[in-house]
2 protein chains.
Amino acid sequence: MKKPPPITDSEWSIMKVLWKKQPLTSTQIATQTKSHPQTIKTFLSRLVKKKAIGYEKTGRSFYYRTLFSEKECQRHESRSFLNRVFGGSLRPMISHLVEDESLSQREIQELKALLNKTSRGGKE
Amino acid sequence: MKKPPPITDSEWSIMKVLWKKQPLTSTQIATQTKSHPQTIKTFLSRLVKKKAIGYEKTGRSFYYRTLFSEKECQRHESRSFLNRVFGGSLRPMISHLVEDESLSQREIQELKALLNKTSRGGKE
DNA sequence: ATACATAGTCTACAACCGTAGACATAAAGC
DNA sequence: GCTTTATGTCTACGGTTGTAGACTATGTAT
């Protein structure tokens with residue numbers, strides 16, 4: 001499976017819209033994001049060029065569609081973020097987040113449950 | 001407390017070196033990072049200009065020093081990353097990381113311990 | 001004092017990013 | 001068939017980023 005290309009901030013906002021509902025035309029995206037249509041078109045071209053999205057032409061309309069799942073892209077971004085800010089190691093990052101951003105009791109319970117579930121899958 | 005300015009990838013690598021040992025001269029940093037000295041100097045100027053670091057001139061040498069702790073910067077970066085990629089919510093992100101990046105048994109244990117400790121401090 | 005070395009400042013430059021105008025093309029309605 | 005309208009493509013432009021050469025100023029050694 002190919003890995004997703006780098007996606008900039010503004011491009012992410014477009015990807016997000018598409019992940020919610022696909023496929024969409026440039027006009028539909030512009031309406032939803034309340035952005036200048038021309039700007040959206042530029043971002044769409046760039047995303048197409050870097051093969052983050054594709055499109056099908058049906059009659060007069062171009063329908064855009066992502067070529068990667070949100071999860072794939074999140075995974076990828078997390079990786080590079082991790083490398084940049086936390087030197088690549090996950091644990092310090094999670095520690096930091098957990099310590100720093102106060103989580104509610106409920107969230108903590110959920111995370112613990114998650115960790116229990118993962119226990120079986122984790123590699124030793 | 002002022003918030004840290006945006007720091008680019010390359011600049012992070014300099015900050016990292018400084019956080020490990022401060023203060024340092026540009027030459028020392030260039031040596032450690034094995035980068036072209038001129039490039040380091042540029043980054044240092046930019047970091048000074050955006051007030052991420054400061055320096056003291058002692059005799060012939062300029063000693064650079066960070067103006068923010070690593071934790072502060074990590075916090076800041078985590079925030080913007082979170083907003084961009086996970087729509088600002090922490091839990092999905094941690095879930096994603098925990099599910100996706102396989103953690104060792106040991107790491108899982110450590111995280112659980114961390115969560116227990118945090119229980120008391122977390123807000124309800 | 002004079003020359004050498006060191007370290008900051010100015011300048012540059014290509015690539016990328018956010019933003020968007022101008023232009024072309026093609027479908028659709030009249 | 002011709003005009004309107006929608007939609008992609010080309011071009012642009014200022015700002016940032018990574019990279020680094022050239023110039024300058026100032027200690028340092030002789």
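So you know, we letter chains A, B, ... as the sequences are listed, proteins then strands, and number each from 1.
D:dT17 atom P lies 16 Å from atom CD1 of B:I40, rounded to whole Å. Distance, A:L24 CG to D:dT7 C1': 15 Å, rounded to whole Å. In this entry the distance linking CG of B:L44 with P of D:dA20 reads 15 Å, nearest Å. As rounded to whole Å, 12 Å separates atom P of C:dA7 from atom NZ of B:K57. Note: CD1 (B:I29) to P (C:dA7) measures 11 Å, nearest angstrom. Between B:I14 atom CD1 and D:dA20 atom C1' the separation is 14 Å, expressed in whole Å. In this structure, CG of B:D9 is placed 12 Å from P of C:dC17, rounded to the nearest angstrom. B:K49 places its NZ atom 11 Å from the C1' atom of D:dG15, with the value rounded to the nearest Å.
Regarding contacts with the backbone of C:dT19, every side-chain N or O of A:S35 stays at 4.0 angstrom or more from both OP1 and OP2. Proximity of A:S26 to the phosphate of D:dA6: no side-chain N or O atom is located under 4.0 Å from OP1 or OP2. A sub-4.0 Å separation between OP1 or OP2 of D:dA6 and a side-chain N or O of A:T25 is absent. The phosphate of D:dA20 has OP1 or OP2 within less than 4.0 Å of a side-chain N or O from B:T39.
A donor-acceptor pair under 3.5 Å links the side-chain atoms of A:Q22 to the main chain of A:T66, judged by distance alone.
Interatomic distance, A:K2 NZ to A:E72 CD, rounded to the nearest 0.5 Å: 12.0 Å.
Along DNA chain C, the nucleotide nearest A:R60 and the nucleotide nearest B:R46 are compared for position; the residue whose nucleotide lies closer to the 5' end is B:R46. Where A:I7 and B:S45 each meet DNA chain C at their nearest nucleotide, the meeting point lying more 5' is that of B:S45. Across the interface with DNA chain D, nearest-nucleotide mapping of B:K41 and B:K50 shows B:K50 to be the residue nearer the 5′ end.
For B:F62, whose side chain is taken as the heavy atoms from C-beta onward, the closest listed nucleotide among C:dG8, D:dA20, D:dT9 is C:dG8. The side chain of B:T8 sits closest to D:dT17 out of D:dT17, C:dG18, D:dG8. Nearest nucleotide to the side chain of A:H36, out of C:dT9, C:dG21, D:dG21: C:dG21. Side chain of A:T27, nearest nucleotide from C:dA7, D:dT19, D:dT7: D:dT7.
Looking only at atom types and distance, the side chain of A:K41 has a donor-acceptor partner in the side chain of A:Q38 under 3.5 Å away.
At a threshold of 4.0 Å, the pair B:R84-A:E77 counts as salt-bridged, since one of the basic side-chain nitrogens sits closer than that to a carboxylate oxygen.
Among the atoms of the strands shown, base atoms are found under 4.0 Å from some heavy atom of A:T42. Within the 4.0 angstrom heavy-atom criterion, only backbone atoms of the sugar-phosphate kind lie near B:Y64; the bases stay farther away.
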Subject >> Chi angles and distances behind the side-chain contact (heavy atoms from CB on, under 4.5 Å) call for B:V48, B:Y64 >> reply: CA-CA 9 Å; B:V48 168; B:Y64 294 92; 3.9 Å; yes
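Taking the six-membered ring where tryptophan is involved, the planes of B:Y55 and B:F62 are tilted, since the angle between them lies from 30° to 60°.
With hydrogens and angles ignored, no donor-acceptor pair under 3.5 angstrom links the side chain of B:Q38 to the base of C:dA7.
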